[in-house]
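What follows is a short report on a single structure.
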Protein chains: 2
Amino acid sequence: MAVDTGGIAGQIARIREKANALIEEELKARGVKGILPAHGPVLAFLLRQKDPVPIKAVVESVGRVKSTVTVTIATLQKHGYLRKFPSDEDARVTYVELTAKGRRLQKDFEEISQTLRSRLYGDMGERDRERLVRQLDKIEENLSE
Amino acid sequence: MAVDTGGIAGQIARIREKANALIEEELKARGVKGILPAHGPVLAFLLRQKDPVPIKAVVESVGRVKSTVTVTIATLQKHGYLRKFPSDEDARVTYVELTAKGRRLQKDFEEISQTLRSRLYGDMGERDRERLVRQLDKIEENLSE
DNA sequence: CCAATTTAGTTCGTGGGCGAACCGATGTCA
DNA sequence: TGACATCGGTTCGCCCACGAACTAAATTGG
């Protein structure tokens with residue numbers, strides 16, 4: 001967050017923090033060990049894959065720098081959620097894939113996403129939700145130029 | 001950010017990151033040294049004060065844990081933006097206040113806030129902005145319960 | 001009045017995130 | 001083919017943030 005403590009930027013920063021806190025609580029409540037909100041995007045990406053993918057593909061998908069992804073993947077591996085292995089064709093490349101234990105996170109993952117969304121929106125109507133998301137899209141675009 | 005990579009939570013996380021990036025760029029462009037987005041809330045609070053305040057007051061205002069604030073204040077002090085001094089009445093208490101150099105940040109601070117807001121909102125109309133802020137208020141509240 | 005508790009602040013260890021430097025391996029191209 | 005650039009990935013140093021443990025100084029209450 002930052003300069004704009006009172007304004008919309010501060011609001012957005014606080015919402016993000018609370019959303020993360022909620023995710024952490026949910027993970028804890030479900031007894032999921034070693035997973036933190038930061039692992040979400042990597043997990044989400046890998047859950048969508050049927051086959052092993054190069055780490056590079058993860059980097060491009062998650063919007064984190066490669067040094068960050070290296071560490072995230074190491075952590076997930078340490079906890080047994082994924083495994084790494086070198087490519088035969090290109091010795092620079094390392095593939096990753098979820099283990100069975102990693103795959104099993106899918107259910108929690110989806111349920112937590114659902115819980116988060118409904119807590120976040122509360123009783124907001126469908127039309128308001130759509131308008132809100134569209135406005136946020138616009139804002140994201142405004143900040144990307 | 002988290003589980004909900006595709007959904008609204010991911011959107012919000014990305015907006016926050018982009019807002020922070022914009023602030024960093026602005027600070028750099030203005031040649032402000034040693035200040036980062038994380039210092040914003042502390043600075044904002046201190047700029048509002050006429051007299052020295054106990055660190056405790058800073059902690060309560062910025063929504064960060066006291067160990068975090070200790071470090072932030074140390075950094076701002078190291079760069080000469082504020083000074084610390086012990087209380088006479090209560091030896092446990094340390095006061096902080098901005099130095100002249102710190103006070104001089106006010107202008108940049110306000111201008112960057114303004115720049116951020118207009119970049120963020122873009123050409124969104126006043127009524128939409130208000131509705132958006134109200135919805136975000138609602139969301140923040142939903143997540144706080 | 002003094003022991004127990006609370007309070008303000010710091011320190012330490014852990015983890016996310018970044019950029020820069022680095023390492024091998026592969027590509028390029030003269 | 002051999003020097004150079006590029007590429008995938010890791011390591012390192014730094015900053016933010018947290019909680020737990022710690023210190024010194026009040027405050028409380030028996």
Side-chain angles (χ1 to χ4, degrees), chain A residues 1-3 13-14 16-21 23-25 27-28 33-43 52-79 82-96, chain B residues 1-3 13-14 16-21 23-25 27-28 33-43 52-79 82-96:
Chain A
M1 135 47 176
V3 166
R14 288 190 301 274
R16 175 198 157 262
E17 291 195 10
K18 285 172 180 170
N20 269 0
I23 291 165
E24 280 186 61
E25 281 168 34
L27 288 167
K28 192 168 186 179
K33 296 287 179 192
I35 302 291
L36 289 169
H39 305 140
V42 170
L43 239 29
V53 291
I55 289 180
K56 178 150 198 336
V58 180
V59 169
E60 281 160 3
S61 145
V62 301
R64 292 285 157 232
V65 132
K66 59 184 180 171
S67 55
T68 300
V69 173
T70 294
V71 175
T72 303
I73 285 178
T75 301
L76 291 174
Q77 183 185 27
K78 190 178 67 183
H79 287 91
L82 62 74
R83 66 186 203 90
K84 288 165 63 173
F85 61 91
S87 161
D88 307 339
E89 312 95 52
D90 187 336
R92 291 169 302 181
V93 173
T94 302
Y95 282 92
V96 288
Chain B
M1 105 92 241
V3 165
R14 287 190 302 274
R16 176 198 156 261
E17 291 197 9
K18 284 173 182 170
N20 269 359
I23 292 165
E24 280 187 61
E25 281 169 34
L27 288 167
K28 192 168 184 179
K33 296 287 179 193
I35 303 291
L36 289 169
H39 305 140
V42 171
L43 238 28
V53 292
I55 290 180
K56 178 152 198 337
V58 180
V59 169
E60 280 162 3
S61 147
V62 302
R64 291 288 157 231
V65 132
K66 60 185 179 171
S67 55
T68 300
V69 173
T70 293
V71 175
T72 304
I73 286 179
T75 302
L76 290 173
Q77 183 185 28
K78 192 179 66 181
H79 286 91
L82 63 74
R83 66 186 203 91
K84 288 166 64 173
F85 61 93
S87 161
D88 309 338
E89 312 96 53
D90 187 335
R92 291 169 304 180
V93 173
T94 302
Y95 282 92
V96 288

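In what follows, chains are A, B, ... by sequence order, proteins preceding strands, each numbered from 1. All values reported here derive from a predicted model rather than from experimental measurement.
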inquiry  = Whether B:E60 and B:K56 form a salt bridge (side-chain N of Lys/Arg under 4.0 Å from carboxylate O of Asp/Glu) is what I want to check.
reply    =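 A salt bridge links B:K56 with B:E60.
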What is the distance, rounded to the nearest whole Å, between atom [atom1] of [X] and atom [atom2] of [N]?
X     : N      : atom1 : atom2 : answer
B:K56 : C:dT10 : NZ    : P     : 14 Å
B:E17 : D:dC16 : CD    : P     : 16 Å
B:R16 : C:dG17 : CZ    : P     : 10 Å
B:Q77 : D:dC15 : CD    : P     : 15 Å
A:L36 : D:dG19 : CG    : P     : 13 Å
A:K66 : D:dG8  : NZ    : C1'   : 6 Å
A:I73 : C:dG16 : CD1   : P     : 13 Å
A:E60 : D:dG8  : CD    : P     : 8 Å

[X] side chain N/O closer than 4.0 Å to the phosphate oxygens (OP1, OP2) of [N]?
X     : N      : value
A:H39 : C:dG15 : no
B:R64 : D:dC18 : yes
A:K84 : D:dT10 : yes
B:S67 : D:dC18 : no
B:T68 : D:dC16 : no

| query | So, B:S61 side chain and B:A57 main chain: donor-acceptor pair closer than 3.5 Å or not? | reply |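 Judged by distance alone, no pair lies under 3.5 Å.
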Scanning both residues in full, the closest heavy-atom pair of B:Y95 with B:S87 reads CE1-CB, 3.4 Å
Out of C:dT11, C:dG16, D:dC7, minimum distance to the side chain of B:T70 belongs to C:dT11
Considering only heavy side-chain atoms of B:D90, the closest of C:dG24, D:dT10, D:dA25 is D:dA25
At what distance, to the nearest 0.5 angstrom, does CD1 of B:I73 lie from NE2 of B:H39?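 Result: 10.5 Å between the selected atoms.
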Q) Which part of the nucleic acid, if any, lies within contact of B:T94, taking any heavy atom under 4.0 Å across all strands shown: a base, the sugar-phosphate backbone alone, or nothing? A) sugar-phosphate
Item to check | 4.5 Å side-chain heavy-atom contact, A:T68 and A:V59 | outcome: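 Of all side-chain heavy-atom pairs linking A:V59 with A:T68, none is under 4.5 Å.
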- Task: Assign each of B:V93 and A:T75 to its nearest nucleotide of DNA chain C by heavy atoms, then name whichever residue's nucleotide is nearer the 5' end.
- Result: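 Nearest-nucleotide comparison on DNA chain C picks B:V93.
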Exercise. Could you check A:V65 against A:D88 and say which one's nearest nucleotide on DNA chain C is further toward the 5' end?
Key: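 Result of the comparison: A:V65.
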